[in-house]
2 protein chains.
Amino acid sequence: MTTGHTTKNLIRDAARSLFAEHGYNGVSMREIAQDVGKHPGGIYNHFPNKQAILVDVMQENLSRSHEAVIAPLNDDLDPSHRLEQFVRSHVRYNIANSDDIFIAYMELRSLEPDGAAHILKERKDYESALRSILRDGQNAGVFKISDPAIHARSVLSMLAGVTVWFRQSGPQTPTDVVECYVQAALQSVGATYSTPPER
Amino acid sequence: MTTGHTTKNLIRDAARSLFAEHGYNGVSMREIAQDVGKHPGGIYNHFPNKQAILVDVMQENLSRSHEAVIAPLNDDLDPSHRLEQFVRSHVRYNIANSDDIFIAYMELRSLEPDGAAHILKERKDYESALRSILRDGQNAGVFKISDPAIHARSVLSMLAGVTVWFRQSGPQTPTDVVECYVQAALQSVGATYSTPPER
DNA sequence: GTCTATAGAGCGATAGAC
DNA sequence: GTCTATCGCTCTATAGAC
């Protein structure tokens, strides 16, 4: 996913994959080094310590997901279509970057306080973008929700779940899965969902 | 949560709490021992190794949640009310046992193959109980879902998310939160949700 | 920038006295 | 069943040659 084959990027890519599979505490610097074909000490020429690799992986994901999901949101759309736009690009991003999403959810607790503060703030921004869509829809009377904050979190955890089970090699195509989650997410806040045009 | 204050139960309780906070790989036998006021070697009088503690914690959760959520399901009810019954008891259980739910989702990858096989089977049974409710509702024409299997997983991950943020000390009461998730879950499969009687 | 070598600490697990 | 003591191993991180 990272562009450029510098050693630093190779280390980040290897760490992302290993962290997603075994967890931050389940991966050693030796394993990361071996994955990029280098010797253990060499990693410290590119990152000051193990924690910095985790922070780097998480921050890269946050900026990429912001660019892919939050930035394109069109404020001129009505709440239902804005929500649909959000959910569709969010699920697409989750499927295409499942390792990152898995890490974002699982390894918050592995962050030391300094890194955690910045990353938690970016996560809050992401959550509040969805929450404001839900609030608009509630005020406009097109959503049926009793608490926008809780419904925002419930939608996000629902959509994060796709990374746990979806595999490109499985029976469903990404497009099928995206459409299914769009339906579930829109319906969960009481928005009307209409089947997309036949493909 | 475990009844009886035998040393074995105290070890299991301490491990559950520590595993939920720092992850299986982030907790040492020494920390568990210190939490129960014993010395490290003493744990091995009650469990053969660290992995056995994790398996024990997970299995206890599976049997308790089965008893609390799956066993009471009333097959005579129509799909909508059966789903509502499932979701309500499931969310209640998740809130009251958030450490267990967190561990069940996060530490599957920390299980060695032997323990994983049995626990994955019980999880599949749990998921298929929900899936069969969804299929019944789909066949009866009362749910709007394009794939019962995906919607079942999406409901379960939505409901598991409550453990990430809900705290008893927060602004919402458990009853409020349960009701909100019941609404979101029922609406997500296109079932009609009517506000519960005023309390 | 990459290597070898290793320091220093913490890990799971065991042995044996009581 | 609990203690003390310790083995053998792996970990993160550093030092210094090339």
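In what follows, chains carry the letters A, B, and so on, assigned in the order in which the sequence lines appear, proteins first and then strands, with residues in each chain numbered from 1. Note that these values count all heavy atoms, side chains included, but never hydrogens, waters or copies made by symmetry. Because the structure is predicted, anything quoted here is derived from the model rather than measured.
- A:Y24 pairs by the ring-ring contact (aromatic ring centres under 6.0 Å, His included) definition with A:F19, not counting sequence neighbours.
- Protein atom CD1 of A:I43 is 12 Å distant from nucleotide atom P of D:dC11, rounded to whole Å.
- Spacing between atom NZ of A:K38 and atom P of C:dC3 amounts to 7 Å, rounded to whole angstrom units.
- Under the 4.5 Å side-chain criterion, counting only non-hydrogen atoms from C-beta, A:L83 is in contact with A:L130.
- Sorted by first then second residue, the side chain to side chain donor-acceptor pair (under 3.5 Å) pairs that include residues 143-161 of chain B, not counting sequence neighbours, are A:Q183-B:S146, A:Q183-B:H151.
- As a whole-Å value, the separation of A:Q34 CD from D:dT10 C1' is 14 Å.
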All N/O donor-acceptor pairs, side-chain side in residues 161-172 of chain B, below 3.5 Å, sequence neighbours left out:
{"unit_1": "B:T163", "atom_1": "OG1", "unit_2": "B:A160", "atom_2": "O", "d": "2.9"}
{"unit_1": "B:W165", "atom_1": "NE1", "unit_2": "B:Y181", "atom_2": "OH", "d": "3.0"}

Practice task
Using a 4.0 Å heavy-atom cut-off, write out nucleotides 7-14 of chain C from 5' to 3' as B (base contacted by protein), S (sugar-phosphate only) or - (no contact).
Solution key: ----BBBB
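- Among residues two or more places apart in sequence or in another chain, the ring-ring contact (aromatic ring centres under 6.0 Å, His included) test is passed with A:H90 by A:F86, A:Y126.
- An OP1 or OP2 oxygen of C:dT4 is reached within less than 4.0 angstrom by a side-chain nitrogen or oxygen of A:H39.
- Within the structure, salt bridge (Lys or Arg N to Asp or Glu O under 4.0 Å) contacts touching residues 23-34 of chain B (residues at least two apart or in different chains) do not occur.
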